[in-house]
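Working notes, structure below.
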Amino acid sequence: MIALVDCNNFYVSCERVFQPQLEGRPVVVLSNNDGCLISRSDEAKALGFAMGEPYHLARPRLQQHGVHVFSSNYALYGDMSRRVLRVLSEFTPEVDVYSIDEAFLNLSGMQYCADAGLDAYAQAIRNTVQEHVGIPTAVGVAPTKTLAKLANRLARRQPPTQRVLVLATEEQRWAALSQTAIADVWGIGRRYAPKLMGAGVQTAADLAEASESWVRRHLGGVVGVRLWRELRGQICLDFDPAELAAEPGQPTPGRHSVTCTRSFGQPQRSFAALSEAVATFTSQAAEKLRRHGLAAHVLTVLLGTDKYAPGSGPRTHTAVVTLPTATSDTGELIGVALQKLRQLVRPGTAYHRAGVTLSGLEPAGQAQLSMFGHSAEQLQQRQQLMARLDALNARFGRGTVRHAATGAGDKLWRGRRNMMSALYTTDWQQLWAVRS
DNA sequence: TCTGGGGTCCTAGGACCC
DNA sequence: TCTGGGGTCCTAGGACCC
């Protein structure tokens with residue numbers, strides 16, 4: 001059996017751990033650049049605030065209702081996520097991390113679990129995360145990932161302290177399928193939902209009862225058939241516990257790309273500003289690569305114009321380079337990225353967004369030659385340089401030591417985050433103070 | 001004035017090549 | 001009337017997820 005543990009309203013919950021007076025009050029957290037609402041407390045949902053709503057449109061109503069608003073604080077959320085995962089890994093060695101606030105747990109073969117009963121075990125997971133980290137969760141348990149997602153969704157209807165649902169029998173599975181609207185099934189999005197409803201498929205049960213050939217024809221071929229089988233209890237989605245098992249710096253299998261993109265605080269026209277941004281994103285992506293013990297063969301530079309402006313024409317412009325050898329060296333990658341950027345930029349165009357994707361990933365350390373023709377000795381020196389740079393930045397904070405091309409900091413292209421909470425858990429200067 | 005970011009997988013047309 | 005075909009690379013975009 002597979003359990004899905006989901007921290008609902010995770011970012012809001014993280015803020016509440018350090019500001020408990022916000023318990024029971026409406027709270028929202030904004031996306032990067034203070035753009036959209038991406039996490040909402042139950043109270044904020046009840047007031048009608050929608051996922052993804054633009055902040056500048058919601059602001060008057062947020063003020064009117066006295067909603068507490070936070071810019072996103074990813075250093076805090078990432079650290080809290082690691083704490084949750086540490087607790088989960090005490091319940092099973094096989095944890096498949098799906099996102100910052102969700103993980104699948106393989107409970108098959110857990111003797112304690114069999115002894116205590118699935119329901120009690122799932123409840124214990126929920127209670128322990130709450131006690132040790134202070135983050136509320138819901139737990140759904142079922143034979144497949146898709147059914148575990150479905151169980152998790154239904155579990156959230158329970159009162160906060162009982163958000164656990166196990167689908168062990170055929171009766172329980174069918175009852176759950178019948179109670180789930182087709183639009184709420186994992187893998188059915190805004191395009192397929194209306195199409196299926198038009199064909200008379202209103203619930204997950206209706207879909208599970210359809211024929212395989214019908215599903216293949218109307219639901220994106222093999223992807224739809226996989227979903228249909230999972231709903232019927234047949235495992236089609238791999239359980240991949242590699243992410244948590246890997247030591248930091250060891251190669252992480254399963255990952256195909258690393259991206260860093262940002263919208264600008266203001267549209268940018270100058271090559272100087274764009275190149276600072278691209279150099280900064282490249283160095284952040286390269287850091288992530290090294291953290292995962294990977295090197296990249298392919299680099300893509302992206303520039304985006306105003307995607308909300310009327311009119312046609314491409315909104316994103318990309319340029320791809322295939323590197324002669326895979327690398328995770330920030331300096332080498334910045335050099336290549338800026339060269340491509342120069343080809344991509346059209347003078348006078350206002351860009352709203354830029355980014356870098358590193359793909360064609362392979363475990364680091366396989367390359368014997370540098371793309372710039374460095375000797376083996378020079379290559380080793382550069383790798384040591386990167387290791388020291390990462391160590392310094394880990395100790396003294398991101399960007400303490402960086403390449404000159406990333407600029408002096410505090411530039412107009414950087415986004416807004418005007419309402420960020422403190423780095424309670426990752427900065428000595430901002431530790432949470434408890435006064436007696 | 002102000003509309004996120006990071007992933008995966010798939011499709012389609014044009015350029016180019018043999 | 002008839003105007004190869006198959007492969008790759010490149011760019012762009014659609015669909016889904018969190």
Side-chain angles (χ1 to χ4, degrees), chain A residues 4-11 28-39 50-60 62 71-74 77-78 81 96-104 145-146 149 152-153 183-196 219-224 226-227 237-238 240 243 252 254-267 281 284-285 288 292 298 300-309 312-322 340 343-344 350 352-361 412 415-418:
Chain A
L4 173 63
V5 181
D6 182 315
C7 313
N8 348 134
N9 318 337
F10 179 57
Y11 299 165
V28 300
V29 176
L30 306 179
S31 64
N32 247 317
N33 214 8
D34 292 345
C36 299
L37 280 56
I38 53 166
S39 184
M51 179 66 180
E53 206 176 329
Y55 173 55
H56 74 273
L57 297 177
R59 183 146 62 175
L62 289 164
S71 301
S72 40
N73 183 345
Y74 288 107
Y77 310 149
S81 176
D96 181 345
V97 181
Y98 182 68
S99 72
I100 194 167
D101 65 347
E102 273 177 78
F104 293 101
K145 282 186 172 180
T146 306
K149 285 287 279 190
N152 185 284
R153 243 195 126 74
D184 293 338
V185 174
W186 193 38
I188 303 296
R190 65 193 164 90
R191 304 298 294 222
Y192 282 131
K195 192 177 156 190
L196 288 169
L219 207 61
V222 291
V223 180
R226 209 152 42 200
L227 165 61
L237 300 176
D238 289 340
D240 179 15
E243 187 85 14
T252 307
R255 176 183 282 275
H256 297 125
S257 66
V258 167
T259 303
C260 185
T261 73
R262 290 282 180 286
S263 296
F264 300 135
Q266 306 277 324
F281 303 152
Q284 285 177 20
K288 194 164 181 181
H292 289 275
V298 178
T300 306
V301 179
L302 170 153
L303 285 176
T305 55
D306 185 2
K307 64 177 171 177
Y308 297 99
S312 59
R315 302 292 206 261
T316 60
H317 303 272
T318 57
V320 185
V321 212
T322 301
K340 273 289 150 187
Q343 297 169 12
L344 205 55
H352 289 231
R353 199 163 63 96
V356 171
T357 297
L358 302 174
S359 53
L361 306 185
L412 278 177
R416 291 172 297 275
R417 17 150 60 167
N418 297 324

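Side chains are part of it too, since the values below use all heavy atoms of this structure and drop only hydrogens, waters and symmetry mates. Since the model is a prediction, treat every value here as computed from it, not as a measurement.
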Would you mind classifying the nucleic acid contact of [X] as base, sugar-phosphate or nothing, using non-hydrogen atoms under 4.0 angstrom?
{"X": "I188(A)", "answer": "sugar-phosphate"}
{"X": "K195(A)", "answer": "nothing"}
{"X": "K288(A)", "answer": "sugar-phosphate"}
{"X": "S72(A)", "answer": "nothing"}
{"X": "R59(A)", "answer": "nothing"}
{"X": "E53(A)", "answer": "nothing"}
{"X": "S257(A)", "answer": "sugar-phosphate"}
{"X": "Y192(A)", "answer": "sugar-phosphate"}
{"X": "V223(A)", "answer": "nothing"}

Nucleic acid contacts - residues 29-39 of chain A versus DNA chain B, non-hydrogen atoms under 4.0 Å: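 Under 4.0 Å from DNA chain B: S31(A), N32(A), G35(A), C36(A), I38(A).
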
Over all atoms of both residues, closest heavy-atom pair of [X] and [Y]:
{"X": "R416(A)", "Y": "G265(A)", "result": "NH1-O, 3.2 Å"}
{"X": "D238(A)", "Y": "D96(A)", "result": "O-OD2, 3.9 Å"}
{"X": "T322(A)", "Y": "V298(A)", "result": "OG1-CG2, 4.3 Å"}

- Message: Counting C-beta onward and ignoring hydrogens, is there a side-chain heavy-atom pair between V258(A) and H292(A) closer than 4.5 Å?
- Response: no

**OP:** With D101(A) as reference, evaluate S39(A), S81(A), C7(A) under the side chain to side chain contact (heavy atoms under 4.5 Å, CB included) test and give the passing residue.
**Re:**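 Going through S39(A), S81(A), C7(A) one by one, the side chain to side chain contact (heavy atoms under 4.5 Å, CB included) with D101(A) is satisfied by C7(A) alone.
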
First contact, last contact: which nucleotides of DNA chain C are these for chain A, 5' to 3', heavy-atom distance under 4.0 Å?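 The contact span of chain A on DNA chain C goes from dT11(C) to dC18(C).
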
Rounding to 0.5 Å, atoms CG (D306(A)) and NE2 (H352(A)) come to a distance of 4.0 Å

request  = Could you grab the distance from atom CG of L219(A) to atom NZ of K195(A), nearest 0.5 Å is fine?
outcome  =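 Those atoms lie 7.5 Å apart.
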
query: Would you call the rings of W186(A) and F104(A) parallel, tilted or perpendicular, where under 30° means parallel and over 60° means perpendicular?
result: tilted

inquiry  = Angle between ring planes, F281(A) versus F264(A), binned at 30° and 60°: parallel, tilted or perpendicular?
reply    =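 It falls in the parallel class, under 30°.
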
Stems involving DNA chain C, each a run of at least 3 consecutive Watson-Crick or G-U pairs under 3.5 Å =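 Stem list for DNA chain C: B:5-18 with C:5-18.
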
Are more than 12 heavy atoms from other residues, nucleotides or ligands located less than 6.0 Å from atom CD of E53(A)?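 It does: E53(A) CD has more than 12 such atoms within range.
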
